[in-house]
2 protein chains.
Amino acid sequence: MAGGERRRQILRLAVRLFSQRGFRGTTTKEIALAAGVSEAMVFRHFATKEELYSAIIDHKACSGDERDPYQLVAEAIARKDDRAVFEQLALDALTQNECDPDFQRLLLHSALEDHKLAQMFWEKFVRRVYAFLGDYIRQRQRDGAMIQIEPLVVVRAFVGMVIHHSLNNNLWDRKRRLLKISNQDAAREFTDILLRGVTTTNRRNGLSKKATGKNSRKKSSR
Amino acid sequence: MAGGERRRQILRLAVRLFSQRGFRGTTTKEIALAAGVSEAMVFRHFATKEELYSAIIDHKACSGDERDPYQLVAEAIARKDDRAVFEQLALDALTQNECDPDFQRLLLHSALEDHKLAQMFWEKFVRRVYAFLGDYIRQRQRDGAMIQIEPLVVVRAFVGMVIHHSLNNNLWDRKRRLLKISNQDAAREFTDILLRGVTTTNRRNGLSKKATGKNSRKKSSR
DNA sequence: GTCTATAAATAGATAGAC
DNA sequence: GTCTATCTATTTATAGAC
């Protein structure tokens with residue numbers, strides 16, 4: 001097998017194992033075995049285990065650039081479509097974490113060990129989401145469209161719903177799932193909750209139509 | 001030092017180290033050093049490293065019994081005080097995770113490695129919270145006090161806000177903190193968002209008084 | 001109870017043949 | 001490029017003196 005291809009193969013298996021068992025919890029022997037090569041091959045392509053980890057970081061951090069939130073919700077923000085802004089953002093995060101569950105696990109391991117990946121993700125992504133969503137909310141407050149509340153609290157609340165839901169799906173997968181719901185539905189529901197609230201008090205209910213909405217809302221359950 | 005006391009001391013240090021670096025990331029030598037004893041002492045009290053981990057699990061799982069949510073919010077549920085139910089629950093979780101940050105980290109490590117602690121916590125605690133909060137929401141829906149929405153989605157959303165906020169505080173502590181806010185304020189804000197929503201649309205604003213509430217809401221910021 | 005010394009297993013990493 | 005064999009350091013765990 002050609003050098004580049006083998007390298008990528010080892011990298012791929014290493015990602016999976018690191019994401020499942022953490023950096024220190026994974027041995028180079030296991031990686032070699034999973035990749036179907038000898039340990040010596042691993043060290044031929046990556047001088048040290050640390051370098052292997054770094055290569056993963058670089059690869060993931062690089063692909064992380066593509067997940068630029070500005071791009072995706074820019075138009076929604078431009079036309080001040082609150083629903084689209086939040087729903088799009090949520091759906092993007094949920095989809096991404098579903099397609100590449102390893103990344104979230106890797107990130108979590110990294111955060112627990114205070115490794116580079118988590119720090120980079122924090123700086124390059126999280127900070128920006130908080131900044132531009134915060135700005136957007138501030139803008140909408142000036143418009144009188146949103147109540148006076150610290151914008152970052154709103155961001156934290158919404159990101160919390162979405163990421164925590166993702167995390168639950170990734171960590172407690174399959175059997176133990178408490179809440180079965182499609183990403184589309186989840187993104188919509190979380191956006192609904194954030195934007196319109198749950199209670200019906202002090203409100204002329206334009207919400208009742210939601211209950212008869214497009215598809216079964218009662219079906220999804222434990 | 002007496003046997004029982006030394007044992008507890010080793011256990012305490014082991015908890016801290018395991019929570020910081022994970023099970024495999026922590027060596028018995030480090031634990032011994034941190035506890036100020038020789039490695040042999042560690043193995044005198046705990047036959048294997050695994051047994052040390054199990055002892056931690058048992059200890060933590062046991063203390064987990066005390067965090068029975070029923071007890072704390074029972075009266076609030078009885079008098080159908082939505083605000084108190086959610087705010088109390090949130091404040092309890094935030095306080096607990098702040099006082100004992102090791103537990104959340106330990107739990108996360110455990111969840112990533114699919115270890116016993118996470119499974120037990122899931123069965124003994126998470127499941128129950130979802131069940132009884134879900135029941136409560138269903139009840140309030142029958143009362144006409146809450147909109148028709150899958151109750152478990154609401155639980156997931158609220159738990160998400162609270163736990164994600166805790167997690168952020170624990171993992172990204174100190175310098176990198178994006179959102180500085182007291183637990184009391186956070187519990188109140190999250191409850192506000194969940195129960196009353198963020199937008200002012202279709203609503204006679206009984207919310208404006210909130211803006212001038214007890215203490216500075218604008219002060220808390222990045 | 002506590003230590004030093006050490007065994008036994010495993011980890012990361014290298015040498016050198018093919 | 002790939003393997004087997006091996007080295008070295010670390011890690012878990014034990015022995016035995018005090």
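Residue numbering restarts at 1 for every chain, and letters A, B, ... go by the order of the sequence lines. Keep in mind that the numbers below use all heavy atoms, side chains included, and drop hydrogens, waters and symmetry copies.
Taking only side-chain atoms of Ala40(B), from C-beta outward, the nucleotide of dA15(D), dG12(C), dT14(C) with the closest atom is dA15(D). You'll find that the side chain of Arg44(B) is closest to dG1(C), out of dT11(D), dT2(D), dG1(C). Distances from the side chain of Arg24(B) to the nucleotides dT11(D), dA11(C), dT2(D) place dA11(C) closest.
Within residues 2-9 of chain A, the residues that have a heavy atom under 4.0 Å from DNA chain D are, in order of number, Gly3(A), Arg6(A).
In this model, the phosphate group of dT2(C) is not approached by any side-chain N or O of Ser38(B) to a distance below 4.0 Å at OP1 or OP2. Put simply, Lys29(B) has no side-chain N or O that comes within less than 4.0 Å of OP1 or OP2 on dT11(D).
To the nearest angstrom, C1' of dT14(D) lies 16 Å from NE2 of His45(B). Phe43(B) has its CZ atom 16 Å from the P atom of dT2(C), to the nearest Å.
Among His115(A), His109(A), His59(A), the one residue that satisfies the ring-ring contact (aromatic ring centres under 6.0 Å, His included) test with Tyr53(A) is His115(A). For the side-chain hydrogen bond (donor to acceptor under 3.5 Å, both in side chains) with Asn170(B), the lone residue among Gln104(B), Arg105(B), Glu98(B) that qualifies is Gln104(B).
At least one donor-acceptor pair under 3.5 Å links the side chain of Glu30(A) to the backbone N or O of Thr27(A). Of the possible polar contacts, none joining the Ser166(B) side chain to the Asn97(B) backbone as a donor-acceptor pair under 3.5 Å is found.
Below 30°, between 30° and 60°, or above 60°: for Trp122(A) and Trp172(B) the angle between ring planes is below 30°, a parallel geometry. Between Phe190(B) and His165(B), the ring-plane angle classifies as perpendicular under the 30° and 60° cut-offs.
Map Met41(B) and Glu39(A) each onto its nearest nucleotide of DNA chain C; the residue landing nearer the 5' end is Met41(B).
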